[in-house]
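Single-structure report; data block below.
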Amino acid sequence: MPNMSLKKVKMREQAPDIRNGNFNEVALGYTAEEAVEEAARCLQCKNRPCTVGCPVSVKIPEFISKIAAGEFDKAIDIIKETNSLPAVCGRVCPQESQCEALCVRGRKGEPVAIGRLERFAADRSMEKPAAERNTAPKNGIKVGIIGAGPAGLTCAGDLAMMGYDVTIFEALHVAGGVLVYGIPEFRLPKEIVRREIDNLKILGVKIECNFIVGKTMTIDELFENGYQALFIGSGAGLPKFMGIKGENLNGVYSANEFLTRINLMNAYREEYDTPIKDFTRVAVVGGGNVAMDAARCAKRIGAKEVYIVYRRGMDEMPARREEIHHAQEEGIIFRLLSNPVEILGTEDGWVRGMRCVEMELGEPDQSGRRRPVPKAGGEFEMEVDGVIMALGTSPNPLISSTTEGLRINRHGCVEVDDKTMMTSRPGVFAGGDAVTGAATVILAMGAGKKAAVAMDQYIKAKNKQS
Ligand code: FAD
Ligand code: SF4
Ligand code: SF4
């Protein structure tokens with residue numbers, strides 16, 4: 001008998017007033033009993049609408065039926081057929097707009113907690129060592145992956161399973177991309193990402209860190225070194241600013257820099273000496289996941305008051321609902337329909353405040369969201385000593401500017417053929433944020449998977465001709 005409760009089984013969490021002072025994971029996961037109870041809410045629909053919402057087509061009813069039956073190892077095997085980072089996706093996928101958005105239980109009540117169940121199966125699994133997975137014999141053909149984020153890691157793993165000699169070139173000193181330098185520990189423990197990367201190493205994937213393609217070596221030089229195909233998964237790490245007066249004052253950070261200092265350079269740990277300002281009152285400008293992460297981090301490193309300053313309303317905010325809810329619970333103050341027009345400084349060049357205008361919503365724009373327009377006479381000042389800009393990012397132009405014949409679009413993103421994932425340079429493939437602009441982990445992984453298949457076909461066809 002299915003469990004007909006209209007609500008998801010609740011997941012245990014750290015209490016808001018405790019967790020806003022530490023970096024430990026907020027959501028604590030299901031116990032086996034809770035997972036079985038939640039899995040029993042799935043109706044095992046014949047037409048499987050939920051799977052259509054998953055960019056990597058996880059076999060959702062199948063894995064959930066295994067959890068309902070207490071066969072947890074079988075559940076994770078099913079998930080891993082199509083998703084190589086389930087512990088990550090179960091935590092950070094925007095399920096409410098993907099798999100769970102199409103779950104029939106959501107028509108009357110809450111959808112089945114697909115993400116939480118995926119996380120449960122991944123965390124619980126005894127992690128079959130990667131070497132035991134079915135991999136093709138090594139073929140000795142060298143392929144190179146640029147960037148060790150979810151797109152690059154997924155592409156590398158799939159190519160290694162096909163027998164290729166895979167090397168990832170990563171600009172930073174650690175692999176993981178945004179999973180390690182952007183998404184904070186309290187949402188995605190770094191240990192989980194490290195475990196996934198260790199699995200790739202067991203498969204034979206080599207990772208060369210501190211290797212900046214375009215500086216250490218260009219794409220042409222990599223080809224000269226025997227790589228038969230390359231995948232660009234270099235993400236979209238270049239922050240945008242508003243271009244308003246005062247943005248170069250001390251105490252103004254891009255969210256990327258702020259989060260990197262915290263996540264990669266451990267600014268929140270006493271034993272680390274990473275320069276980062278001790279804010280008292282800080283304004284985070286933006287309304288996406290990045291803004292929520294930056295605000296929640298600022299609170300955790302001791303800021304007394306943290307504001308989200310966003311020019312539209314709550315309904316238009318692009319951040320995941322769960323992240324907004326968590327931020328509110330943790331005491332983040334939302335200044336909606338507000339837009340900064342100037343950052344005010346002290347005589348010695350530090351932030352002392354921000355001048356904003358009140359906004360109202362007009363007609364919908366191209367994105368379908370109502371366009372914010374300034375309200376007459378609605379100016380106000382906020383007293384803050386720090387400002388974090390979380391306005392979105394675009395790809396860094398280093399690779400495109402050092403690669404002959406690589407076509408990019410007007411947003412600076414690499415252009416690919418949708419079917420083959422190949423760029424305008426033969427043998428060079430691309431995917432993830434480098435192609436789409438800032439998007440999601442699961443879309444980046446999906447692109448990495450698709451590119452791995454395309455690269456395999458390209459190499460086989462090329463070697464057949466020669
Ligand atoms: P990235 O993860 O950016 O990885 C690219 C890698 O390439 C990096 O490691 C970079 O150092 C490396 N690189 C760049 N240039 C070079 C070069 N020239 N040579 C060698 N290496 C290079 N998505 C979600 O689904 N859910 C969330 O909750 C979520 N929260 C987010 C929170 C934050 C703070 C941020 C910043 C993003 C968030 N995202 C979230 C978006 C998601 O993380 C990205 O869409 C995803 O990481 C893109 O993967 P990628 O592999 O394309 O790029
Ligand atoms: Fe849902 Fe993401 Fe899992 Fe797909 S990978 S089933 S979208 S949580
Ligand atoms: Fe189960 Fe919902 Fe998918 Fe139906 S739509 S199979 S209830 S998860």
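As the structure lists them, so they are numbered: ligands from 1, and atoms in each ligand from 1. Because the structure is a prediction, the values reported are computed rather than measured.
When side chains are defined from C-beta on, Cys413 does not count as touching Thr436, because their heavy atoms never get closer than 4.5 Å.
Ring-plane geometry between Phe429 and Tyr458 is classed as perpendicular, the angle between the planes exceeding 60 degrees on a 0 to 90 degree scale with a lower cut at 30. Using the six-membered ring where Trp is involved, Phe211 and Phe169 have ring planes that are tilted, between 30° and 60° apart.
For atom 37 (C) of ligand 1, the nearest non-hydrogen atom from the set Val178, Asn289, Thr393 belongs to Val178. Heavy-atom proximity to atom 50 (P) of ligand 1, evaluated over Pro239, Gly177, Gly147, Pro150, is greatest for Pro150. The closest non-hydrogen atom to atom 34 (C) of ligand 1, taken over Leu259, Ile399, Leu153, comes from Leu259.
Using a cut-off of 4.0 Å between Lys/Arg side-chain N and Asp/Glu carboxylate O, Glu323 and Arg296 are scored as salt-bridged. The residues Arg124 and Asp73 are annotated as not salt-bridged, no charged nitrogen and carboxylate oxygen being separated by less than 4.0 angstrom. For the pair Glu71 and Lys74, the salt-bridge criterion is met [side-chain N within less than 4.0 Å of a carboxylate O]. In this structure, Asp220 pairs ionically with Arg425, as a charged nitrogen and a carboxylate oxygen lie closer than 4.0 Å. Salt bridge Arg116/Glu34: absent, no basic N to carboxylate O contact under 4.0 Å. Between Glu38 and Lys8 there is no salt bridge, since no side-chain N of the basic residue sits under 4.0 Å from a carboxylate O of the acidic one.
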* To do: Run the numbers on Asp158 and Lys449 for salt bridge (charged side-chain N to carboxylate O under 4.0 Å, His left out), then give the verdict.
  => CA-CA 7 Å; Asp158 284 12; Lys449 269 193 156 325; 3.0 Å; yes

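Of all protein heavy atoms, the one closest to atom 6 (S) of ligand 3 is Cys45 N, 3.4 Å. Looking at atom 4 (Fe) of ligand 2, its nearest protein heavy atom turns out to be Cys54 SG, 2.3 Å. The single protein non-hydrogen atom nearest to atom 7 (S) of ligand 3 is Leu43 N, 3.3 Å, given as residue, atom name and distance. Looking at atom 2 (Fe) of ligand 3, its nearest protein heavy atom turns out to be Cys103 SG, 2.4 Å. Annotation: atom 1 (Fe) of ligand 3 to nearest protein heavy atom, Cys42 SG, 2.4 Å.
Only the side chain of Arg187 comes within contact range of ligand 1, with a heavy atom under 4.0 Å; no backbone atom does. The residue Ile79 has no part lying near ligand 2, judged by heavy-atom distances below 4.0 Å. Only the backbone of Ala439 comes within contact range of ligand 1, with a heavy atom under 4.0 Å; no side-chain atom does. Both the backbone and the side chain of Asp433 come within 4.0 Å of ligand 1, counting heavy atoms alone. Contacts with ligand 1 closer than 4.0 Å are made by no heavy atom of Asn396, backbone or side chain.
A donor-acceptor distance shorter than 3.5 angstrom exists from the side chain of Gln14 to the backbone of Glu25, with no hydrogens or angles considered.
For ligand 1, the atoms sitting less than 4.0 Å from at least one non-hydrogen atom of Phe211 are 19 (N), 20 (C), numbered in the order shown with element in parentheses. Listed by number with element, the atoms of ligand 2 under 4.0 angstrom from any heavy atom of Ile442 are 5 (S). With ligand atoms numbered from 1 in the order given, ligand 1 contributes 24 (C), 25 (O), 26 (N), 27 (C), 28 (O) to contacts under 4.0 Å with heavy atoms of Val92. Interface atoms of ligand 1 facing Leu172, defined by a heavy-atom separation under 4.0 Å, are 11 (O). Close approach of ligand 1 to Ile212 (heavy-atom distance below 4.0 Å) involves ligand atoms 18 (N), 19 (N). Near Val441, the atoms of ligand 1 lying under 4.0 angstrom from a non-hydrogen atom of the residue are 23 (N), 24 (C), 25 (O), 42 (C), 43 (O), 45 (O). Heavy-atom contacts of Gln95 reach the following atoms of ligand 2: 8 (S) (cutoff under 4.0 Å). Every atom of ligand 1 is numbered from 1 in the order shown, and the set under 4.0 Å from a heavy atom of Gly432 is 52 (O). Using a 4.0 Å cut-off to heavy atoms of Ala151, the atoms of ligand 1 that qualify are 51 (O), 52 (O). Residue Asn83 approaches ligand 2 through these ligand atoms, each under 4.0 Å from one of its heavy atoms: 5 (S). The ligand atoms of ligand 2 that sit less than 4.0 angstrom from a heavy atom of Ile60 are 6 (S). Below 4.0 Å from some heavy atom of Val104 lie the following atoms of ligand 3, by number and element: 2 (Fe), 4 (Fe), 5 (S), 7 (S). The atoms of ligand 1 that sit less than 4.0 Å from any heavy atom of Ile183 are 29 (C), 30 (N), 31 (C), 32 (C).
Side-chain rings of Tyr307 and Phe334 stay apart, their centers remaining 6.0 Å or farther from each other.
When each of Val284, Asp293, Val290, Ile301 is tested with Phe258 by the rule side-chain contact (heavy atoms from CB on, under 4.5 Å), just one qualifies, namely Ile301.
Looking only at N/O/S atoms, Glu118 comes nearest to atom 3 (Fe) of ligand 2 through OE1.
At a threshold of 2.8 Å, atom 1 (Fe) of ligand 3 has no backbone or side-chain N, O or S atom of Cys50 nearer than that distance.
Judged by the 6.0 Å and 45° rule, Arg119 forms no cation-pi pair with Tyr30.
Backbone and side-chain nitrogen or oxygen atoms of Val213 are examined, and one is located within less than 3.5 angstrom of a nitrogen or oxygen of ligand 1.
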